[in-house]
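The structure under discussion appears below in the form of structure tokens.
Remember, it's a predicted structure, so these values are computed and weren't measured experimentally. Numbered from 1 within each chain, the chains take letters A, B, ... in sequence-line order.
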2 protein chains.
Amino acid sequence: MYLLQTWRPMAYHHGNLREALLARAAEVIAESGVEALSLRGLARDLDVSHAAPRRHFADRRGLLVELAKEAFRLCVVMMEQGAEAAGPDPVARYRALGRSYVEFARRDPAFFRAMHHPEVRSIPNSELSELQGAWFAALRDGAAAAQRSGWHPEADPEALVAFSVSAAMGAAQLLSDESWSQHLDFNDIDLLADDLLDLTVGRTQKSLMSTPNELTGNAAKRRAS
Amino acid sequence: MYLLQTWRPMAYHHGNLREALLARAAEVIAESGVEALSLRGLARDLDVSHAAPRRHFADRRGLLVELAKEAFRLCVVMMEQGAEAAGPDPVARYRALGRSYVEFARRDPAFFRAMHHPEVRSIPNSELSELQGAWFAALRDGAAAAQRSGWHPEADPEALVAFSVSAAMGAAQLLSDESWSQHLDFNDIDLLADDLLDLTVGRTQKSLMSTPNELTGNAAKRRAS
DNA sequence: GCCAAAAGTTGTCAATGGCAACATTGACTC
DNA sequence: GAGTCAATGTTGCCATTGACAACTTTTGGC
């Protein structure tokens with residue numbers, strides 16, 4: 001993967017290191033987790049000296065913050081695309097936000113981990129904070145629109161935001177991390193995700209369409225053995 | 001805090017190191033996070049040589065696993081005590097499980113972090129896995145009882161377990177970590193926790209009792225400014 | 001009191017983060 | 001086209017840490 005960098009036309013010195021570092025870092029995190037990430041390891045992988053990464057990131061945390069920022073950007077885009085694809089119904093769009101977040105967590109584990117890793121969370125960074133705010137805003141807007149169209153009409157709007165964030169983070173964590181999900185008895189993780197969304201959002205037209213003739217959700221298809 | 005160890009009657013060599021290490025480790029994690037934990041640092045804090053911890057824990061991860069195990073034990077006890085205090089109604093008891101988990105996360109951040117830190121999650125350990133299973137079982141039993149008494153009667157039971165786990169983890173993470181909760185507009189985190197539980201479990205008699213004359217939850221009390 | 005095991009110590013090594021000083025490249029100017 | 005400067009990369013160094021080995025001290029059972 002990252003070896004491609006070695007034969008590609010390099011614009012200068014030794015490649016456009018910054019992007020290569022971020023890309024390789026994402027690979028390492030996806031394979032071995034944030035703990036396995038070391039600047040020197042990246043430098044070795046990319047055949048540069050151990051101090052080269054320092055020109056682009058002040059330290060390890062700096063690189064992690066950049067990854068997390070990119071993660072929030074991508075995640076918001078994915079969620080908005082998901083909502084767009086869900087059509088005009090605000091509740092269906094809201095549901096799609098949650099669905100997209102879970103998809104993001106499972107499809108891009110490196111980015112998801114960068115967003116959630118305690119080491120990253122403890123770094124104060126205004127740009128990262130702003131991007132997190134944009135992520136919250138996406139859920140806030142979606143929840144507000146859903147509420148206007150009849151979802152929990154009497155609830156406090158900000159409580160619905162907290163509920164949305166909490167449900168999204170909980171579901172993504174549970175479904176993307178086998179150390180948690182191993183304790184669940186299920187066959188198809190996508191159907192389980194649908195059930196979770198049903199329980200969170202309520203059964204929408206879209207979710208009913210996917211299992212039109214059952215009252216008990218995806219249970220029959222999901223149960224193991 | 002941990003200095004108390006130095007004057008207490010010591011039954012041994014230089015303290016009952018194992019417990020002292022665990023206690024000091026919990027302090028360090030609560031103050032500075034799991035990343036700040038180092039065996040050598042603990043040894044310094046407890047005035048023992050840098051290799052002394054090795055007699056009790058094979059490595060850093062070994063100590064973390066022990067902390068996480070203890071965390072799951074304590075957490076299950078707290079949740080069961082909470083359910084017990086909630087009386088006989090299964091739905092109220094189920095609600096109390098979630099409430100207790102959030103309380104646990106906020107009251108014992110060190111244990112909560114040890115349970116959830118990716119570095120710990122990636123360690124294969126059968127004893128830890130069993131204790132996690134017991135934690136799941138507590139929620140599974142609670143959810144099943146609630147369902148038998150009318151909560152989501154038509155849902156798949158295992159989907160309800162996933163929903164419970166997801167909601168508990170999400171709420172605890174959101175409410176115990178300011179890097180997330182800073183993006184929410186609220187005054188009283190306890191009232192927000194109640195609102196989250198209302199939205200997850202539905203409004204129970206108990207939650208109605210605490211705000212008997214409002215349709216909109218704790219909104220009025222919670223809204224900032 | 002003896003002796004074996006438990007508990008703790010000193011010493012060492014490799015890996016890492018982080019810093020400083022130096023080298024090279026490329027781009028811009030005249 | 002030569003000179004200059006900033007960007008980029010390199011080598012070297014040091015402190016910290018995890019991890020391991022070899023040795024020493026204490027404890028508790030006999």
Side-chain angles (χ1 to χ4, degrees), chain A residues 2 5-6 8-25 27-29 31-68 114 117-120 122-123 125, chain B residues 2 5-6 8-25 27-29 31-68 114 117-120 122-123 125:
Chain A
Y2 62 93
Q5 306 287 345
T6 50
R8 282 177 83 181
M10 294 182 182
Y12 47 79
H13 253 168
H14 250 96
N16 71 354
L17 232 200
R18 187 189 148 92
E19 300 311 313
L21 285 167
L22 288 170
R24 178 57 188 155
E27 286 183 4
V28 170
I29 292 173
E31 289 164 11
S32 315
V34 170
E35 284 75 27
L37 190 72
S38 87
L39 291 180
R40 289 173 109 104
L42 292 179
R44 270 193 303 274
D45 292 345
L46 298 174
D47 282 314
V48 292
S49 75
H50 63 83
R54 204 167 152 59
R55 293 282 165 223
H56 303 278
F57 306 100
D59 54 17
R60 200 183 104 103
R61 297 155 88 226
L63 188 149
L64 283 173
V65 165
E66 286 308 307
L67 271 181
H117 197 281
E119 189 174 351
V120 180
S122 68
I123 304 171
N125 182 289
Chain B
Y2 62 92
Q5 307 286 346
T6 50
R8 281 176 83 180
M10 296 182 180
Y12 45 75
H13 253 167
H14 250 97
N16 72 355
L17 234 199
R18 188 190 147 90
E19 300 311 313
L21 284 167
L22 288 170
R24 178 58 187 154
E27 286 182 5
V28 170
I29 293 174
E31 288 164 11
S32 314
V34 170
E35 284 74 28
L37 190 72
S38 88
L39 291 180
R40 288 174 109 105
L42 292 179
R44 273 194 301 274
D45 292 345
L46 298 174
D47 283 314
V48 291
S49 76
H50 63 85
R54 208 169 148 59
R55 292 282 163 220
H56 304 277
F57 306 100
D59 53 17
R60 199 184 105 105
R61 297 156 87 227
L63 188 148
L64 283 173
V65 164
E66 286 309 307
L67 271 181
H117 197 282
E119 189 173 350
V120 180
S122 68
I123 304 171
N125 183 289

**Asked** Nearest-Å distance, NE2 (B/H50) to C1' (C/dT10)?
**Response** 6 Å
**Asked** Taking for each residue the nucleotide of DNA chain C with the nearest heavy atom, is it A/L39 or A/R55 whose nucleotide lies nearer the 5' end?
**Response** A/L39
**Request:** Check A/S32 against A/A36 and note the closest heavy-atom contact, atom names and distance.
**Result:** CB-CB, 3.4 Å
**Prompt:** Judged by atom type as modelled, is there a donor-acceptor pair below 3.5 Å linking the side chain of B/R60 to the main-chain atoms of B/L37?
**Reply:** yes
**Interatomic distance where CG belongs to B/L21 and P belongs to D/dG18 [whole Å]** = 12 Å
**Item:** Between C/dT16 (C1') and A/R61 (CZ): distance, integer Å
**Value:** 16 Å
**Request:** Please determine if a side-chain N or O atom of A/R54 lies less than 4.0 Å away from the OP1 or OP2 oxygen of C/dC19.
**Result:** yes
**Item:** Student check: side-chain heavy atoms of A/F57 and A/V65 closer than 4.5 Å
**Value:** no
**Asked** Which is true for A/R44 with a 4.0 Å heavy-atom rule: it touches a base, it touches only sugar-phosphate, or it touches nothing?
**Response** sugar-phosphate
**Request:** Give the rounded distance in Å between these two atoms: CG of A/L46 and P of D/dT8.
**Result:** 16 Å
**Message:** My understanding is that only one of A/V120, A/L67, A/I29 makes a side chain to side chain contact (heavy atoms under 4.5 Å, CB included) with A/V34; could you say which?
**Reply:** A/I29
**Prompt:** Which part of the nucleic acid does B/H56 contact within heavy-atom distance under 4.0 Å: base, sugar-phosphate only, or nothing?
**Reply:** sugar-phosphate
**5'-most by nearest nucleotide on DNA chain D - B/D59 or A/P53** = A/P53
**Item:** Atom-to-atom span, CZ of B/R40 to C1' of C/dC13 - whole angstrom
**Value:** 11 Å
**Request:** Compare the minimum distances between each of D/dT17, D/dA21, D/dT10 and the side chain of B/S38, then state the nucleotide with the smallest one.
**Result:** D/dT17
**Request:** Figure out the CG/P separation between B/L42 and D/dA19, and round it to whole Å.
**Result:** 13 Å
**Fill in**
To the nearest angstrom, the CG-C1' distance between A/L37 and C/dA15 comes to 15 Å
**Prompt:** With sugar-phosphate meaning primed atoms plus P, OP1 and OP2, does B/R60 contact a base, only sugar-phosphate, or nothing at under 4.0 Å between heavy atoms?
**Reply:** sugar-phosphate
**Message:** Looking at every heavy atom in both B/S122 and B/E119, which two are closest together, and how far apart are they?
**Reply:** OG-O, 3.0 Å
**Prompt:** How many Å lie between CG on B/L64 and P on D/dG18, as a whole number?
**Reply:** 10 Å
